[in-house]
Amino acid sequence: MRGIDAVRARRSPDLTCTHTPLSARHSRTTGRRYFVDLAPSGRVHARSRWPTPAQATLFVLVLGLVWRTLRYLLAFPLWNDEAFLALSILTRDLAGLAQPLEFGQIAPPGFLWAEWGIVRLLGKSELALRLVPYLAGVCSLLLFRHFCRGVAGRRVVLVAVALLAASFYPVRHANEVKPYAIDLLVTLVLMGLGWRVWLEPRRGERWAVLIIMAAVGVWCSYPAVFPAASVAVLVGFRAWRERTPRVWAWGLTYILVLAASWALMAVTFALPQARASAWLPGLSTWRGAFPPLAHPWRLPWWLLEVHTGNMLAYPHGGHNFGSTPTFLLVMAGIWALWRQPRRRSLLWLLLGPLAFALVAAALRRYPYGTSARIMLYMAPAFCLLAAEGSIALLRTWGRRGLRYGPFVLAGSLALLTAAWVVTDISAPYTRRSDLEKRRLIQQWAEITSPGDLWVVFDGATPLPQVPEMMVSQWVQRVADFRYDVRSLAPVPVWWEPDPQTVALLHGRRIWFFVHHHGCARLYPGARLAAYEKALTARLGPPVSSGPLFVDGAILVVHVYSP
């Protein structure tokens, strides 16, 4: 190989792995791409004081892991969206989790089963409930780095990993009792395995692992069917090109097993949950999450709005075109990949899930675009494409921009990560009122004797089905209060029992909590008055601590002593 100074055998198809242009050669035997440095032998760059891209990538990776771990250990109080789901996990057995969940929640069975087992093993604390999402967040960042190293150059890997490490929503949802972090992890697993099959389709063990993980993944993540279907198209096209019966058999097996596993999961879990929560698409939260098919002239504006909004908030962004810079970088990355024919298959792997997600949104089966959490499975694609676009733009600035630009971008993202760490330490809560409610119940738990009994009246038993239920503050307060009581109570808790079954025993006190959730229209004041009268007639006059005002709600505690 005359005139060649160095040969780098890597799987990456990026042509910017070194400081000079590279040319790619393809091995027919292994499927690997070899990148050749064509710089003249006399040009030797002096050793730079800058770290190598690999060292810088490791630094931002560790910083991202530190942020995720610190936020987990700070144990933010559960806020309403977490409490909605946590209550079903705390109060039901495994069979009960197969039934529609409380508060109209929708969650895949694999996530529910894992949470149920952890809670029974480690307890009801915030740390126990968030352990599964936290581990998924950590594994996702590590796996993302591994995936990027297999499909992109070192500078792209640096910027992409720094971008995911510094992004707010992947960290937030890796520390919440919700399945969104699992969506991200399962997508990364399927994308990585699908790409490995694309590179070497004749290796049966790769097909077997992909088939198993796809069949299991759709039980752990509802939107996992979108990347799984995208992988099906990719490997199906590969099998068609190979024209080998064995590869065709593997491809057909993947499609059939994926379809059968998803159909079984949908019939037994997803569809019953969806039927019980059929009112959810009508909420103001989701009204903009479905394409306006009834008004097709509005579709282009809708597409622009959702793709420049919170959906692409990496590292941060918002609605009303708040994520436009990231959108433009992603578009630049798409153009950079499209210009390289050998990498167009990677472009489909990254963006293919959006096609299936749009179909699901058009059928009003899954929301699209209005929130980063429901689209968190697309975070790897958006971060990698934004990194590709950044490097493509830096390349237009010449060698110096390409040499130092990625480090400047990664350093800026590292500073943003450090700022997020400081913010979390200074304010370890989603809402300060959540902290206050938890502190109050902890105080009462500390002065409760072992033989006491807690009786609770919150005016939402049974919970009324009303429009806007999930976004109403009163029902959020109900969920928060119920979780705090269930997780912190040191004694048995009775929820609005028959007053005739409540008795004072020797050395036993009755703690009667009345939670006025703040919605006078839906609060049963007459029922509460009758309940208090019946308790007083049976237990005698209480010693009351008086009303406490927390987050717009009133909490009254009565203590009955023998």
Side-chain angles (χ1 to χ4, degrees), residues 77-80 82-92 102-103 119 123-125 433-434 436-464 469 472-505 508-520 522-561:
L78 259 66
W79 71 298
N80 54 271
E82 296 178 275
F84 288 154
L85 189 55
L87 286 172
S88 294
I89 296 170
L90 294 181
T91 59
R92 300 190 183 194
E102 291 185 74
F103 298 97
V119 165
K124 305 174 183 179
S125 68
S433 58
D434 298 332
E436 289 297 316
K437 284 183 288 186
R438 186 176 68 175
R439 181 183 61 81
L440 284 173
I441 296 176
Q442 284 176 333
Q443 290 179 350
W444 289 320
E446 290 173 357
I447 60 177
T448 299
S449 301
D452 292 352
L453 174 68
W454 283 16
V455 175
V456 179
F457 186 104
D458 63 7
T461 305
L463 192 70
M469 186 183 75
S472 299
Q473 287 190 354
W474 72 267
V475 77
Q476 296 171 6
R477 294 172 186 140
V478 168
D480 293 343
F481 176 73
R482 287 185 179 182
Y483 167 74
D484 287 335
V485 169
R486 288 189 181 277
S487 62
L488 298 173
V491 294
V493 180
W494 290 6
W495 296 86
E496 199 176 335
D498 184 347
Q500 301 305 315
T501 63
V502 181
L504 282 173
L505 303 178
R508 174 180 182 175
R509 291 179 297 177
I510 305 296
W511 296 73
F512 180 43
F513 296 89
V514 179
H515 183 233
H516 296 264
H517 49 60
C519 183
L522 295 175
Y523 197 83
R527 195 175 85 211
L528 172 61
Y531 197 87
E532 289 181 326
K533 182 178 180 180
L535 273 182
T536 301
R538 181 168 177 80
L539 304 177
V543 179
S544 177
S545 65
L548 300 172
F549 295 87
V550 182
D551 190 26
I554 303 174
L555 184 60
V556 182
V557 183
H558 302 283
V559 180
Y560 295 89
S561 298

Value rounded to 0.5 Å, distance of CG in Leu488 from CD in Gln443: 11.5 Å
Separation between CG of Leu440 and CD of Glu436, rounded to the nearest 0.5 Å: 6.5 Å
Shortest non-hydrogen separation from Ala479 to Ala83 and the atoms involved: O-CB, 3.5 Å
Main-chain N/O of Asp480 paired to Asn80 side chain as donor or acceptor, under 3.5 Å: no
Asp458 side, atom CG; Arg482 side, atom CZ - distance, nearest 0.5 Å: 4.0 Å
Minimum heavy-atom distance Val502-Arg538, with the two atoms named: O-NE, 2.5 Å
Backbone of Glu102 reached by a side-chain donor or acceptor of Ser88 within 3.5 Å: yes
Cut-off 3.5 Å, no hydrogens considered: what does the side-chain donor-acceptor table look like for residues 511-519, sequence neighbours left out?
residue: Trp511; atom: NE1; partner: Asp452; partner atom: OD2; Å: 3.0
residue: His517; atom: ND1; partner: Cys519; partner atom: N; Å: 3.2

Nearest-0.5 Å distance, CD of residue Gln476 to CZ of residue Phe103: 10.5 Å
Derivation and outcome, side chain to side chain contact (heavy atoms under 4.5 Å, CB included), residues Tyr523 and Ile554: CA-CA 12 Å; Tyr523 197 83; Ile554 303 174; over 6 Å; no
Nearest-0.5 Å distance, CD of residue Glu496 to CG of residue Leu528: 8.5 Å
Trace of the side chain to side chain contact (heavy atoms under 4.5 Å, CB included) decision for Leu535 with Phe457: CA-CA 12 Å; Leu535 273 182; Phe457 186 104; over 6 Å; no
Backbone N/O of Phe84 and side chain of Tyr483: donor-acceptor pair under 3.5 Å: no
For Gln442, side chain to side chain donor-acceptor pair (under 3.5 Å) partners two or more places apart: none
Partners passing side chain to side chain donor-acceptor pair (under 3.5 Å) against Ser449 (at least two apart in sequence or in another chain): Arg509
Nearest non-hydrogen partners of Ser487 and Lys124, listed with the distance: CB-O, 3.7 Å
Distance-minimising heavy-atom pair for Leu539 and Tyr560: CB-CD2, 3.5 Å
Validation row: Ser561, Val543 side chains within 4.5 angstrom (heavy atoms): no
Side chain to side chain contact (heavy atoms under 4.5 Å, CB included) between Leu453 and Arg508, worked out: CA-CA 8 Å; Leu453 174 68; Arg508 174 180 182 175; 3.1 Å; yes
Derivation of the side chain to side chain contact (heavy atoms under 4.5 Å, CB included) call for Trp495 and Thr91: CA-CA 12 Å; Trp495 296 86; Thr91 59; over 6 Å; no
Side chain proximity check, Leu87 to Arg486, heavy atoms < 4.5 angstrom: yes
Heavy-atom pair with the smallest gap, counting every atom of Ile510 and Ala503: CD1-O, 3.9 Å
Heavy-atom closest contact (Pro450 atom, Val491 atom, distance): O-CG1, 3.5 Å
